[in-house]
Structures are given as C-alpha cells and as structure tokens.
Amino acid sequence: MKPTTDARAVMDFHMARPTVSMFSITNLRDYGMGGDHPKAMTFWTHGDPIMDVLGLTRGGIVLPVFTTTPDAASVLRGRPIQGIIGQADPVASLHKALGLPDGTLHRREPHFELSLDALKMPDTQGLRLVPLREMDRATLINWRTQYGIDALDLTAQEAGLQAMQAVDDLVTGGTHRIAMHGDTPVAMTGFNSVVGDTVMVGGVYTPADMRGRGYARAAVAMHMAEARKNGTTRAVLSAANVAAATAYTAVGFEQVGEFMIILYDTPEVAHG
C-alpha cells in the first residue's frame, strides 16, 4: 500500500460504501489529514482505481476498508496501535499479521443496515423523545458509565472517567435523545455519526430496571423516524449482544456482515 494525501479520492472511495466506512468518513470530514487532533487521519491506498484504503488516526486507531486482501501490515509495523475497527475479516487478518495481543475489548459483532422506508414502528404509546439537556447531568453520567461497562467492557473507573466527557460532548452535539415515559426517563438512543443521508446508531442504553419492556427499540425507532423526516434514508449499526440484535431486527434492521472491534487500554506496538 502507498501513502496518499488525496483527500478527495479517499473520501470518494469511502462514500461509495458508507455502511462500512462511517468512522473514516466522519474523521476525514471533521478532522482532516495530518492534523494534531487524535482523530486526524493518515491514509494508504491500494490499486488504481482504489480498491482498498487503510486509515490510521493520530490516536492509533486503525480503520481498514478493503475490497481485496492487500499487504497492509507492512505500513503499520513499529507504530503504536490503540485499536482496530472495521469489517471482521480485514480486522482479524491485520491483528494476526501485526502480532498483536488480544484487546481489552475484543469482539465480533453482527453488522446491520436499514433502509428507513422499511422502518417498522413498534408501540410507542406514552413515549416521547427529549434532548439530553432536559435530563440531569448526574443521571446521564450514571447511564453513560454503565453503558461503558456493559457495551465496551470498561472497568467502572474507566467508564466513569469517559462518561463525564462523553456526556458533555453528546449534550453539545445534539446527536442523542432520551425516551421518556411520562416523567420517567427509560432509555437513551443516539447517532454516533451522520454522513449525508446515512446515520450510524450508537450509544443505545436502557437502565437495568427498565429492560425487557421494549423501550430501547421504541427509542431507536422514534429517533430514526425523526431523522427520516429530515432526509435520512439509511441507518447502520453493530449489535453488542443478542438482546440488542433482537431489538434492532424487530424494527427492520437486516444483518449485512460482521464488524470487529479491538481496543487496548494502552497502545501496543505492531510487530508482525
């Protein structure tokens, strides 16, 4: 693979396959190439026309988007790697080729897609969505902390530290919603990324004492119906567990592949 500074060509490649490229698209759009932000990108490409793109954030997250099987490991050897995220087979191959250990979070997840004209609305009677700013910050931090423990396999301390910053960012960004049943908050839903007419669903959480009542699927469906009114036509996501997958398929999502997430507490040096 060869390094590139052609942001337009890289973006065109990713925009042609947004279902598997949302992280790369968002980082390139929002933070550019070669900057100091942890999410600023470096890219390598393979093929003419481009068939494969390997992305690396300044913070050490590897983002492969491949249509073939390029030798991507050679450009990463000796670099500190904080994680690898993407389609399961390229991620697994890179992980093996680089001689990296298992991650603190090391998981394959079913990857889903939904055309919003096929959205199936569940029973939402008595429910309404409100912005995160209408919920008290302490409760939001508690919810986000537990989300980090449940969905990201973080320790309680790590989850708590991340939650404080995440909550402030989510409130400011306006990307997430709270589902209310009367005056009681029952679930959180959100979009981790918005690219053109596509959203990536993420940050979905229901507190333990509210689970099993369909609140998560209702919240996700309501949020996507809201997005559809604003021109969104497609949603993508990965399910962290069977219960989540069941909720998503109930509102119309169909599995289109597998994603793999490997994350480390501290960077690992790629060898291979």
Side-chain angles (χ1 to χ4, degrees), residues 22-23 59 61 82-83 85 102-112 122 124 126-193 199-224 235-251 253 259-266:
M22 294 290 282
F23 291 116
I61 300 296
Q82 192 73 53
I85 303 173
D102 287 350
T104 309
L105 176 61
H106 195 113
R107 188 164 64 206
R108 278 182 181 251
E109 300 179 345
H111 193 56
F112 293 87
T124 60
L127 296 174
R128 58 189 174 92
L129 293 183
V130 301
L132 263 62
R133 65 176 181 272
E134 295 189 20
M135 187 169 171
D136 70 276
R137 186 170 182 270
T139 301
L140 284 175
I141 290 173
N142 287 338
W143 280 25
R144 188 70 183 188
T145 298
Q146 195 60 49
Y147 169 82
I149 295 169
D150 294 347
L152 304 179
D153 295 344
L154 300 176
T155 67
Q157 182 178 13
E158 291 169 334
L161 290 173
Q162 289 193 16
M164 288 186 284
Q165 182 61 53
V167 163
D168 292 338
D169 291 343
L170 295 178
V171 170
T172 301
T175 55
H176 287 56
R177 303 285 186 273
I178 296 296
M180 303 289 294
H181 188 268
D183 294 328
T184 303
V186 296
M188 178 165 59
T189 182
F191 299 146
N192 285 344
S193 183
V199 295
M200 174 183 282
V201 177
V204 179
Y205 175 76
T206 307
D209 61 342
M210 295 290 177
R211 293 174 187 169
R213 307 183 196 183
Y215 289 140
R217 74 184 62 179
V220 169
M222 292 166 69
H223 199 191
M224 289 192 298
V236 299
L237 58 84
S238 294
N241 52 57
V242 173
T246 300
Y248 298 136
T249 56
V251 299
F253 279 93
F259 244 51
M260 193 167 186
I261 302 172
I262 301 173
L263 296 175
Y264 299 103
D265 286 340
T266 56

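Note: hydrogens, waters and symmetry copies are ignored here, and every other heavy atom, side chains too, is used. Computed from a predicted model, the values in this text were never measured in an experiment.
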Practice task
Specify the closest pair of heavy atoms between A159 and I149, including all atoms of both residues, with the distance to one decimal.
Solution key: CB-CG1, 3.8 Å
Handout entry: Which residues share a side-chain hydrogen bond (donor to acceptor under 3.5 Å, both in side chains) with T246, sequence neighbours left out
Key = none
Handout entry: Side chain proximity check, P207 to Y205, heavy atoms < 4.5 angstrom
Key = yes
Handout entry: Backbone N/O of Y264 and side chain of Q82: donor-acceptor pair under 3.5 Å
Key = yes
Exercise for the section: Look at atom CZ of R211 and say whether more than 12 heavy atoms of other residues, nucleotides or ligands are closer to it than 6.0 Å. Expected result: yes
Handout entry: Side-chain heavy atoms of T104 within contact of L263, under 4.5 Å
Key = no
Exercise for the section: Measure across D209 and R213 and return the closest heavy-atom pair with its distance rounded to 0.1 Å. Expected result: O-NH2, 3.0 Å
Handout entry: Within-4.5 Å side-chain heavy-atom neighbours: N192 and H176
Key = yes
Practice task
Work out which heavy atom in V251 is nearest to a heavy atom in A221; give both atom names and the distance.
Solution key: CG1-CB, 4.0 Å
Handout entry: Close side-chain approach of F112 to T249, heavy-atom, < 4.5 Å
Key = yes
Problem - Gap between atom CE of M22 and atom CE of M200 - 0.5 Å precision - result: 5.0 Å
Practice task
Answer whether the closest heavy-atom distance between the side chains of D153 and R107 falls below 4.5 Å.
Solution key: yes
Exercise for the section: Describe, in one word, how the ring planes of Y215 and H181 are oriented to each other, choosing from parallel (under 30°), tilted (30 to 60°) and perpendicular (over 60°). Expected result: tilted
Exercise for the section: Side-chain contact test, heavy atoms from C-beta onward, threshold under 4.5 Å: evaluate it for E158 versus L152 and give yes or no. Expected result: no
Handout entry: Test side chain to side chain contact (heavy atoms under 4.5 Å, CB included) applied to W143 and M135, step by step
Key = CA-CA 11 Å; W143 280 25; M135 187 169 171; 3.6 Å; yes
Completion exercise
For A166 and R144 the tightest heavy-atom approach is CB-NE, 3.8 Å
Fill in the blank from the handout: Taking every heavy atom of A235 against every heavy atom of M224, the minimum-distance pair comes out as CB-SD, 3.6 Å
Completion exercise
T124 and A218 have their tightest heavy-atom pair at CG2-CB, 4.1 Å
Exercise for the section: Compare all side-chain heavy atoms of T175 with those of L132 and state whether any distance is below 4.5 angstrom. Expected result: no
Practice task
Just do the side chain to side chain contact (heavy atoms under 4.5 Å, CB included) check on V186 and L127 with the steps written out, would you?
Solution key: CA-CA 9 Å; V186 296; L127 296 174; 4.1 Å; yes
Exercise for the section: Would you list the pairs meeting side chain to side chain donor-acceptor pair (under 3.5 Å) in which at least one residue belongs to residues 159-168, sequence neighbours left out? Expected result: R137-D168, Q165-D169
Fill in the blank from the handout: Distance col, row M188:CE vs R177:CZ, nearest 0.5 angstrom, shows 12.5 Å
Problem - H111 (side chain) donor-acceptor with L237 (main chain) under 3.5 angstrom - result: yes
Practice task
Determine the interplanar angle of the F23 and F259 rings, folded into 0 to 90°, and report it as parallel if under 30°, tilted if 30 to 60°, perpendicular if over 60°.
Solution key: tilted
Problem - Side-chain heavy atoms of E134 within contact of I178, under 4.5 Å - result: no
